[in-house]
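Written below as structure tokens is the structure these notes are about.
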Amino acid sequence: MTEITTEKARIGAPSAQPFINGFTEEGESLSPINSATSKAPLAGEAVKRHSHGGGVGIPDSSRAGRLTSYNLADFKPLTGLEEDWRFTPLKRLRGLHSEVLSGAAPTVTVSGPERVTVETVARGDKRIGSAGIPEDRVSANAWENFSEATVLTIPAGFEADAEITVVIEGTSTEAAAQHVVIVAEKFSKAIVVLGHQGTAVVSENIEIVVEDGANLTVVSLQEWNDDAVHASSQQAKIGRDAKLKHVVVSLGGDLVRVTPSARFTAPGGEVEMFGLYFADAGQHLEQRLFVDHAVANCKSNVLYKGALQGRNAHAVWVGDVLIRKEAEGTDSYEANRNLLLTDGARADSVPNLEIETGLIKGAGHASATGRLDDEHLFYLMARGIPEDVARRLVVRGFLHEIIQQIKVPALEERLTEAVERELAVTNN
Amino acid sequence: MSTLEIKDLHVSIDTEQGTKEILKGVSLTIKTGQTHAIMGPNGSGKSTLASTIAGHPRYKVTSGTITLDGEDVLAMTVDQRARAGLFLAMQYPVEVPGVSMTNFLRTAKTAIDGEAPKLRTWTKDVKAAMAQLRIDADFAERNVNEGFSGGEKKRVEILQLELFKPKFAILDETDSGLDVDALKVVSEGVNRAHEAGNMGTLLITHYTRILRYIKPDFVHVFVDGQVVEEGGPELADRLEDEGYDRYATGAGAATIAAAAQA
């Protein structure tokens, strides 16, 4: 799983298994306007040269040019050929991209330290829109349709001694919209756990404001029932010397698409983004993240790890890191690792790194998708450990690297058990 | 008293150019309490012998046998061999991310003994063994071999040797890449395990250096997949002076003949 050497060239080599329906071997069917070889006037290089951002409906090959808008009408109906949607089975979105999201939003229950305020506010509240702006049609659809939002505020200077738990419980399969705003005021410190559970068809916008000097951890757990469909745009704005740790854990649901983004607004910010997903047969778990280094001297570190098992288990990871011209002194790294436990599963992994200045501390990107490493198994078995136990040790260890980042012992324990249950399914 | 017996072992590997025979008829018998050194130039098949005994899937036994007290080792899976009492200290121990040393050692000990070690004494044993090998206590919390230096990895191999108490230890170039201090520490560990009296050792090395600290009873010289010369510890001294040059291809058979006449 680590470095791919020539000796392990077989790892990650294409297998003889049939591809997932609707996908080519490359897993995509590129729109002609996106294809670099297309001769269309707006295609390939032309797109890059002529884009100034906000070019409605014309995807840019630079993340900086991505259309953002609060208005649903600005986003064209999806065809599935868009760069942003090419891996997502639109049919399984159950209307999140095309219907009016009029269903009842999943209920929100918050518990945590008393000083953390929880408000339910109307659309007009001034905090709405303070950290996020929709970057895709499904997110814009939720923005257009949500009726009220939950606003969580961690007051300035307050250091929470216990985590803040936000249970988001779905009870219906009517397409719905959800909106949550988390504000960590100056120099506050807290851990917020968003627990998504039950059954829902929901598009969600989560705005995260990390004010100057604040230190916030947000853990988003997707432990939905098997029939849930969930699109979640989680956008964070990072202030001066502020720190955000963002953890995405996707285990349950039919289709889960989480699109976290972190934008630095002042120097000295630091972001860590971690992700863990375990895709079972038929599940589509997608994560597309964006780190926008728009100012100098910020640091970002991204690591997503996933395990896949079963027929048509599909995981998608796209990591966009943009280091703008102004972002001198940036230190950035992103990586994705996938472990395919059985035949019939598929992982797509696209680490994109755009660098517009050479005056940076570091920028790296990496991706590896493989089967269980035979050398790891050999080492453990050569110490007397039976193969099935060895396999579990390795997978558990592989995913534990993310779990141990959460630093909430009870939650770490619960997730470890959840991973064990997943492993028990196929005796891995 | 146990016996590990290797008889006329032929081993091949699959390469892109086709099947390549690496061991061309190796016979060797090791008994409890004995230390056998296998020496030879690079590419002579020393490490292949070690990996084959442990059951690495890359190596295909085409003929010959390996038995442990009469039991067919080749019929056993990798983990069964380890539980039967064979231990391979690897030349390049792999890093196993996410699996802590503590968890790994306890899981392996449980598998080998067939029951979980008593927690209290086990923790004490591990700590003591680590201290003797001058391994920092915080290594226990780290992942298996992850970020360990070459020397640290070798010490951790010997730590396992001392904790798992195998019937036969196969040390695959445990000395390579070690500085003198580390070499002493590692050798002391092997000698401690040996002195307990229930272990035989197959010591594979390119250099004679380690033989100053671990005294072999027998020395076997490997060239091109065969044993070309066998003798006592004095053979190692001679190798130190003369190197492997005199075993240049083709000379092997003649040397054996000469040795037989002597």
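For the salt bridge (charged side-chain N to carboxylate O under 4.0 Å, His left out) condition, the pairs that include at least one residue of residues 393-419 of chain A, sequence neighbours left out, are A/Glu223-A/Arg414, A/Lys305-A/Glu401, A/Arg396-A/Glu420. Sorted by first and then second residue, the pairs that involve residues 82-91 of chain B and meet salt bridge (charged side-chain N to carboxylate O under 4.0 Å, His left out), not counting sequence neighbours, are B/Asp79-B/Arg83.
Between chain A and the residues B/Leu105, B/Asn103, B/Val96, B/Leu86, the most heavy-atom pairs under 4.5 angstrom are made by B/Val96.
With a 4.5 Å cut-off on non-hydrogen atoms, A/Glu387 touches chain B through its backbone but not through its side chain. For B/Pro93, the parts lying under 4.5 angstrom from a heavy atom of chain A are both the backbone and the side chain.
Side-chain contact check for A/Phe398 versus B/Pro97: every heavy-atom pair is 4.5 Å or farther apart.
By the 6.0 Å contact criterion, NZ on B/Lys153 is enclosed, its count of non-hydrogen atoms from other residues, nucleotides or ligands being greater than 12.
With values rounded to the nearest 0.5 angstrom, A/Leu380 atom CG is found 9.0 Å from B/Thr107 atom OG1. The OH atom of A/Tyr379 lies 4.5 Å from the CZ atom of B/Phe104; values are rounded to the nearest 0.5 Å. Rounding to the nearest 0.5 Å gives a distance of 6.0 Å between CZ of A/Phe378 and CG of B/Leu88.
Minimum interatomic distance between B/Ala82 and A/Gly384 (heavy atoms only, all atoms of both residues): CB-N, 3.2 Å.
The existence of a salt bridge linking A/Arg383 and B/Glu157 is confirmed by a sub-4.0 Å separation between a basic side-chain nitrogen and an acidic carboxylate oxygen.
Counting only distance, with no hydrogens or angles, the side chain of A/His400 and the backbone of B/Val99 share no donor-acceptor pair below 3.5 Å.
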Please step through side-chain contact (heavy atoms from CB on, under 4.5 Å) for the pair A/Glu375 and B/Arg58, ending with a clear verdict. CA-CA 10 Å; A/Glu375 294 299 330; B/Arg58 184 162 183 241; over 6 Å; no

